[in-house]
Amino acid sequence: MGSEPSLVHAVDQVLDAWKDMVARDEMSEQTYDKFSLLLKRYTRYATLRGALVLGEANRYVTEDFVNAQGRSRHGHLSESALATRLLRRSVVRAAFRTLRELGLSDQDPTRDIDLPARTCEGIRTLTEDEAVQLRHHAAFVTRPTRHAAAAALALAGGHSGEIGHVVAADLDLRHSRVWMHGASKYEPRWCRLDAWGRHVLAERAAHVTARHPDTATARLAVSCQPASDAALQARSCVAPG
């Protein structure tokens, strides 16, 4: 086994990292509670299957966990719903992604676990795992970036045709909301900001207005240079850091 960490120790490191993400508003308390509960269940399941060190938590153990039967509200064993299986896979995938970031593992036992796609058409909302990862990877390190601002506006409900128009004056930090100007298919409206979005946009607004004091023209997610609607939309879609 060498110096490979135990599965329990590795999971403890993941949970500590996720707690840090909660402190930075990159993960909500509710998501942490749900993810940590499922990850602890996975750890117990894998340990009972003989996976005592991290490397033994392989695809086969993980696939069995993802597809494990559950009990109905009447106490009967039954096949788990697709949503449950997708969430299990998503949580384990998020955990191993965190382990890779911590330098504790380079594996992903969920990589080859195939599940039916969700039955939906067109645009869908992000899953909790996807939203957490978006916040985490969009967060700025040394300065408030356009990328983080664009992510915050998108998570608040902004569309690509609107994000490029948002300026510092559109922020209502007191009420944790931002004004979206609307687009051809969308009405102007206030959009609620979560704690992470409020923090990111407040920092970005301060950064931008230090260089461009006019809050009515200081754009948050794209350059303040004049541009057509089409150009602003294109810029917001690739908003660089």
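- Of all non-hydrogen atoms in Thr62 and Ala57, the two that sit nearest each other are OG1-O, 4.0 Å.
- Going from atom CG of Leu52 over to atom CG of Leu7 covers 8.5 Å, rounded to the nearest 0.5 Å.
- Aromatic ring orientation, His181 versus His165: tilted (interplanar angle from 30° to 60°).
- When side chains are defined from C-beta on, Met180 counts as touching Leu153, because their heavy atoms get closer than 4.5 Å.
- Smallest separation of non-hydrogen atoms from Ala10 and Leu99: O-CD2, 3.7 Å.
- How far OG1 of Thr43 is from NE2 of His9: 13.0 Å, rounded to the nearest 0.5 Å.
- Residues Gln13 and Pro5 have side chains not in contact (no heavy-atom distance under 4.5 Å, counting atoms from C-beta outward).
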Could you go step by step and tell me if Arg85 and Glu79 meet the salt bridge (Lys or Arg N to Asp or Glu O under 4.0 Å) rule? CA-CA 10 Å; Arg85 294 154 63 202; Glu79 296 297 323; over 6 Å; no

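- One N or O on the side chain of Arg93 and one on the backbone of Thr110 form a donor-acceptor pair closer than 3.5 Å.
- A continuous path of hydrophobic side-chain contacts links Leu54 to Leu102 [ILVMFWY only; heavy atoms under 4.5 Å].
- The OG1 atom of Thr47 sits 9.5 Å away from atom CD of Glu56, with the distance rounded to the nearest 0.5 Å.
- When side chains are defined from C-beta on, Val178 does not count as touching Asp172, because their heavy atoms never get closer than 4.5 Å.
- Counting all heavy atoms, side chain and backbone alike, Trp18 lies closest to Val91 at CH2-O, 4.1 Å.
- Rounding to the nearest 0.5 Å gives a distance of 9.0 Å between OG of Ser36 and CE of Met27.
- Leu201 and Val208 fall into different hydrophobic clusters, where Ile, Leu, Val, Met, Phe, Trp and Tyr are joined by side-chain heavy atoms under 4.5 Å apart, directly or via other members.
- Between the SG atom in Cys191 and the CG atom in Leu155 there is a gap of 11.5 Å [rounded to 0.5 Å].
- No side-chain donor-acceptor contact under 3.5 Å links Thr215 to the backbone of Ala168.
- Residues Val200 and Ala149 come closest through the heavy atom pair CG1-N, 3.9 Å.
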side-chain contact (heavy atoms from CB on, under 4.5 Å) between Val222 and Ile163, worked out: CA-CA 8 Å; Val222 299; Ile163 290 173; 5.9 Å; no

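- Grouping the Ile, Leu, Val, Met, Phe, Trp and Tyr side chains by contacts below 4.5 angstrom, directly or via other members, places Trp190 apart from Val167.
- A single hydrophobic cluster is not seen to contain both Leu37 and Met21; linkage of ILVMFWY side chains at heavy-atom distances under 4.5 Å, directly or through other members, places them apart.
- For the pair Arg41 and Phe65, the minimum side-chain heavy-atom distance is below 4.5 Å.
- Under the 4.5 Å side-chain criterion, counting only non-hydrogen atoms from C-beta, Arg100 is in contact with Asp108.
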Set out, in order, the CA-CA distance, both residues' side-chain angles and the distance that settles side-chain contact (heavy atoms from CB on, under 4.5 Å) for Tyr32 and Leu15, then state yes or no. CA-CA 9 Å; Tyr32 173 80; Leu15 294 176; 4.1 Å; yes

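- Side chain of Arg198 to main chain of Leu193: no donor-acceptor pair is present (N/O by atom type, distance under 3.5 Å, no hydrogens or angles).
- With values rounded to the nearest 0.5 angstrom, Leu38 atom CG is found 14.0 Å from Arg89 atom CZ.
- Using modelled atom types, one side-chain atom of Arg189 and one backbone atom of Glu187 make a donor-acceptor pair closer than 3.5 Å.
- In terms of heavy-atom proximity, Ala151 sits nearest to Trp196 at CB-CH2, 4.1 Å.
- The minimum heavy-atom distance linking Ser80 with Ala68 is given by the pair OG-O, 2.6 Å.
- Annotation: side chain of Gln107 is in contact with side chain of Phe96 (closest heavy-atom distance under 4.5 Å).
- A heavy-atom distance below 4.5 Å is not found between the side chains of Val22 and Thr31.
- Within the hydrophobic cluster formed by Ile, Leu, Val, Met, Phe, Trp and Tyr side chains joined at under 4.5 Å, directly or through other members, Leu48 stands alone, with no partner residue.
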Run the numbers on Asp170 and Leu220 for side-chain contact (heavy atoms from CB on, under 4.5 Å), then give the verdict. CA-CA 10 Å; Asp170 293 323; Leu220 299 181; over 6 Å; no

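- For the salt bridge (Lys or Arg N to Asp or Glu O under 4.0 Å) test, no residue two or more places apart in sequence or in another chain qualifies with Arg192.
- No path of Ile, Leu, Val, Met, Phe, Trp and Tyr side chains, each step under 4.5 Å between heavy atoms, connects Leu104 with Val8, placing them in separate hydrophobic clusters.
- Not one N or O on the side chain of Ser90 forms a donor-acceptor pair closer than 3.5 Å with the backbone of Leu86.
- No donor-acceptor distance shorter than 3.5 angstrom exists from the side chain of Asp64 to the backbone of Val61, with no hydrogens or angles considered.
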